Amino acid sequence: MKGTMSDVKLEECREHIRSQLDNVVDFWLKYSHDTVDGGFFTCLGRDGSVYDKLKYVWLQGRQVWMYCRLYRTMDRFHKPEILEAAKAGGEFLRKFARVSRASGEWKCAFCLTSDGKAVKVQRTLFSECFYIMAMDELSRVTGDKDMQLEAEQMMEQLIHWVRVDSSGLGRPQLPGDVPTNSMAVPMMLLCLVQQLTEGQGQDVVQKYKELEQWCVQQILHHVQRAGTAILENVSVEGTELPGCSGRLQNPGHALEAGWFLLQYSAERGDEKIQETAISKFMELPYQCGWDKKHGGLFYFLDVDGHCPTQLEWSMKLWWPHCEALIAFLMAYSQTKKPELLERFFEVYDYTFTHFPDAQSGEWFGYLTQEGKVALDFIGGPFKGKIIRCTHLARYEKVIAPLAMNLPNDQIHLAVGFLFTSHIHI
């Protein structure tokens with residue numbers, strides 16, 4: 001593509017993304033707020049109707065984070081109703097999300113009844129992760145230091161579970177269970193480090209420096225097969241595991257890890273990590289994960305070509321495409337390599353012709369391999385407002401200087417705005 005053509009298309013993308021972001025925010029402001037019991041409904045149909053009143057803690061935390069982030073960083077969303085919604089959501093989380101244990105540790109519930117009673121607790125750490133993100137971001141817009149302290153205390157507990165003793169998660173240690181490095185865990189911890197250190201002094205940065213470096217190394221262990229594949233699960237020593245779990249590939253996760261690493265490399269000036277992020281965590285999953293016949297990214301793959309055991313493996317989900325868009329746009333903004341921009345445009349064209357729903361103004365999340373809508377709800381237990389809003393806001397922030405052909409240093413400043421928020425569990 002010629003430069004002028006690229007500039008024109010980037011500007012078109014920016015305007016379209018701006019409109020999409022406005023539509024998505026409007027939908028959730030209108031339909032998701034529970035004005036009786038507090039918090040947010042996330043199981044919403046295309047008409048905004050609530051088809052299940054269960055409230056999922058990780059999505060509650062994401063919505064609080066997103067409202068705060070929009071309010072704090074984008075002028076047109078600096079509105080009292082957005083701030084008040086974030087504060088109300090934060091109050092619901094602080095009152096109901098945490099479940100105390102005999103050990104004295106706090107574990108966040110996975111889902112709650114409409115009025116805040118715990119229904120289910122997962123043996124993972126992701127509800128706690130998004131509780132931390134919500135509290136940290138809310139403290140930034142309210143100035144409430146108690147929220148910041150809660151975020152830091154919960155972070156210390158997560159670190160203990162991951163690096164010292166995982167028994168607090170409630171998972172029994174079974175004799176046949178092989179310790180595994182699942183890419184989601186170091187990715188999420190890296191995300192939290194970036195959240196907690198954003199705009200803070202060197203004392204805070206230094207506090208989490210060793211953890212940040214550990215997370216990066218744990219992610220790099222997932223480069224396997226002599227650098228030809230990214231595997232979702234590896235041993236704690238960084239070697240390939242046997243069986244289906246060991247052969248599993250998740251293109252969306254790999255792409256997400258790629259731009260996490262790219263952001264880290266930009267902050268640290270680490271050109272080696274930058275090259276690895278692009279060549280291994282972006283190009284490899286794109287090459288193996290893009291459906292040559294129907295377009296779009298597969299959800300799961302088996303590195304040896306066997307049929308994945310996940311029943312939804314061939315479906316096209318919204319979030320891997322969002323991760324790919326962020327990854328290739330960020331990579332292009334840092335390197336100016338035209339092939340990365342071409343990748344962005346290819347994913348953009350598929351994404352914005354398949355996922356947006358003209359009726360609701362929101363997005364569908366789940367398509368068949370052929371690209372037809374498989375599930376027509378707008379929000380559910382694993383798909384809430386935050387995911388689309390977060391990604392749309394990121395695109396708009398990065399595309400703006402690119403489309404206006406600003407100098408390289410200003411583009412990097414724009415990319416520096418991007419902070420991680422989405423991890424698939």
Side-chain angles (χ1 to χ4, degrees), residues 17-44 48 50 55-97 108 112 114 116 126-127 129-144 146-148 150-151 154 191-192 194-196 198-199 319 322 360-363 378-380 382-397 417-423:
I17 287 167
R18 181 184 178 93
S19 174
Q20 287 279 301
L21 177 59
D22 290 345
N23 291 341
V24 170
V25 173
D26 288 347
F27 181 91
W28 290 84
L29 284 171
K30 184 176 181 179
Y31 296 116
S32 71
H33 298 182
D34 183 350
T35 57
V36 176
D37 293 315
F40 311 111
F41 296 119
T42 59
C43 295
L44 302 177
V50 179
K55 294 173 180 173
Y56 295 86
V57 169
W58 71 304
L59 295 181
Q60 302 291 309
R62 288 174 171 220
Q63 192 153 340
V64 171
W65 185 95
M66 190 69 250
Y67 279 149
C68 293
R69 197 70 172 189
L70 290 172
Y71 180 84
R72 185 166 69 89
T73 63
M74 302 185 79
D75 289 343
R76 73 180 187 277
F77 295 114
H78 195 79
K79 301 176 180 179
E81 59 266 32
I82 290 180
L83 177 60
E84 291 307 311
K87 290 164 66 175
E91 181 180 354
F92 183 84
L93 275 175
R94 297 179 83 187
K95 189 173 182 180
F96 298 116
C108 284
L112 310 167
S114 180
F126 298 107
S127 291
C129 289
F130 292 107
Y131 185 92
I132 291 170
M133 296 194 74
M135 291 302 107
D136 181 78
E137 194 65 31
L138 190 55
S139 73
R140 293 170 185 265
V141 298
T142 63
D144 189 324
D146 288 340
M147 293 180 187
Q148 179 65 38
E150 284 183 29
M154 187 71 81
C191 167
L192 292 175
Q194 291 169 338
Q195 171 70 37
L196 292 170
E198 179 202 357
W319 72 264
C322 290
S360 66
E362 239 280 0
W363 284 27
I378 295 303
F382 299 96
K383 178 179 179 287
K385 154 196 164 58
I386 178 69
I387 297 170
R388 272 93 61 228
C389 284
T390 301
H391 293 96
L392 290 169
R394 286 185 184 126
Y395 307 151
E396 185 178 333
K397 282 283 185 176
F417 162 84
L418 305 176
F419 277 82
T420 55
S421 69
H422 167 58
I423 194 92

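Remember, it's a predicted structure, so these values are computed and weren't measured experimentally.
Proximity of Leu44 to Glu362: side-chain heavy atoms (C-beta onward) are nowhere separated by under 4.5 Å. Between Phe382 and Trp58, the closest side-chain pair of non-hydrogen atoms falls below 4.5 Å. Between Arg140 and Arg72, the closest side-chain pair of non-hydrogen atoms falls below 4.5 Å. Looking only at side-chain heavy atoms (C-beta outward), Cys322 and Trp363 come within less than 4.5 Å of each other. The shortest side-chain heavy-atom distance between Gln60 and Leu112 does not fall under the 4.5 Å cut-off. Side-chain contact between Leu21 and Arg18 is absent, with no heavy atoms from C-beta onward closer than 4.5 Å. Here the side chains of Phe41 and Ser114 are in contact, with some heavy-atom distance below 4.5 Å.
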#### Entry: Derivation of the side-chain contact (heavy atoms from CB on, under 4.5 Å) call for Glu150 and Arg94
CA-CA 9 Å; Glu150 284 183 29; Arg94 297 179 83 187; 2.6 Å; yes

#### Entry: Trace of the side-chain contact (heavy atoms from CB on, under 4.5 Å) decision for Tyr131 with Val64
CA-CA 9 Å; Tyr131 185 92; Val64 171; over 6 Å; no

### Query
Going through the distances and angles, do Arg62 and Thr42 end up as a side-chain contact (heavy atoms from CB on, under 4.5 Å)?
CA-CA 11 Å; Arg62 288 174 171 220; Thr42 59; over 6 Å; no

### Task
Step by step, work out the side-chain contact (heavy atoms from CB on, under 4.5 Å) result for Met133 and Cys191.
CA-CA 9 Å; Met133 296 194 74; Cys191 167; 3.8 Å; yes

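A donor and an acceptor atom, one from each side chain of Asp136 and Gln148, are located under 3.5 Å apart.
Contact record, Gly361 with Asn23: O-CB, 3.3 Å, taken as the closest heavy-atom pair. Across every non-hydrogen atom of Leu59 and Gly380, the tightest pair is CD1-O, 3.2 Å. In terms of heavy atoms, Ser32 sits closest to Gln63 at OG-NE2, 2.9 Å. Nearest heavy-atom pair, Cys43 versus Tyr56, reported as atom, atom and distance to 0.1 Å: SG-CE1, 4.0 Å. In this structure, Ala151 and Leu196 approach most closely via the heavy-atom pair CB-CD2, 4.3 Å.
Ring geometry for His33 against Phe40 counts as tilted: the plane angle lies between 30° and 60°, on a 0 to 90° scale.
Taking OH of Tyr67 as the start and CZ of Phe77 as the end, the distance is 10.5 Å to the nearest 0.5 Å. Atom CD1 of Ile82 is separated from atom SG of Cys68 by 10.0 Å, given to the nearest 0.5 angstrom. One finds the NZ atom of Lys87 at 8.5 Å from the CG atom of Leu138 (value rounded to the nearest 0.5 Å). Here the straight-line distance linking atom NE2 of His78 with atom CG of Leu70 works out to 12.5 Å at 0.5 Å rounding. The distance from the CZ atom of Phe130 to the CD atom of Gln195 is 11.0 Å, given to the nearest 0.5 Å. Put simply, CZ on Phe92 and CG on Asp34 are 7.5 Å apart, with the number rounded to the nearest 0.5 Å.
For Glu91, the CD atom counts as loosely surrounded, since its 6.0 Å shell holds 12 or fewer non-hydrogen atoms of other residues, nucleotides or ligands.
At a threshold of 4.0 Å, the pair Asp22-Arg76 counts as salt-bridged, since one of the basic side-chain nitrogens sits closer than that to a carboxylate oxygen.
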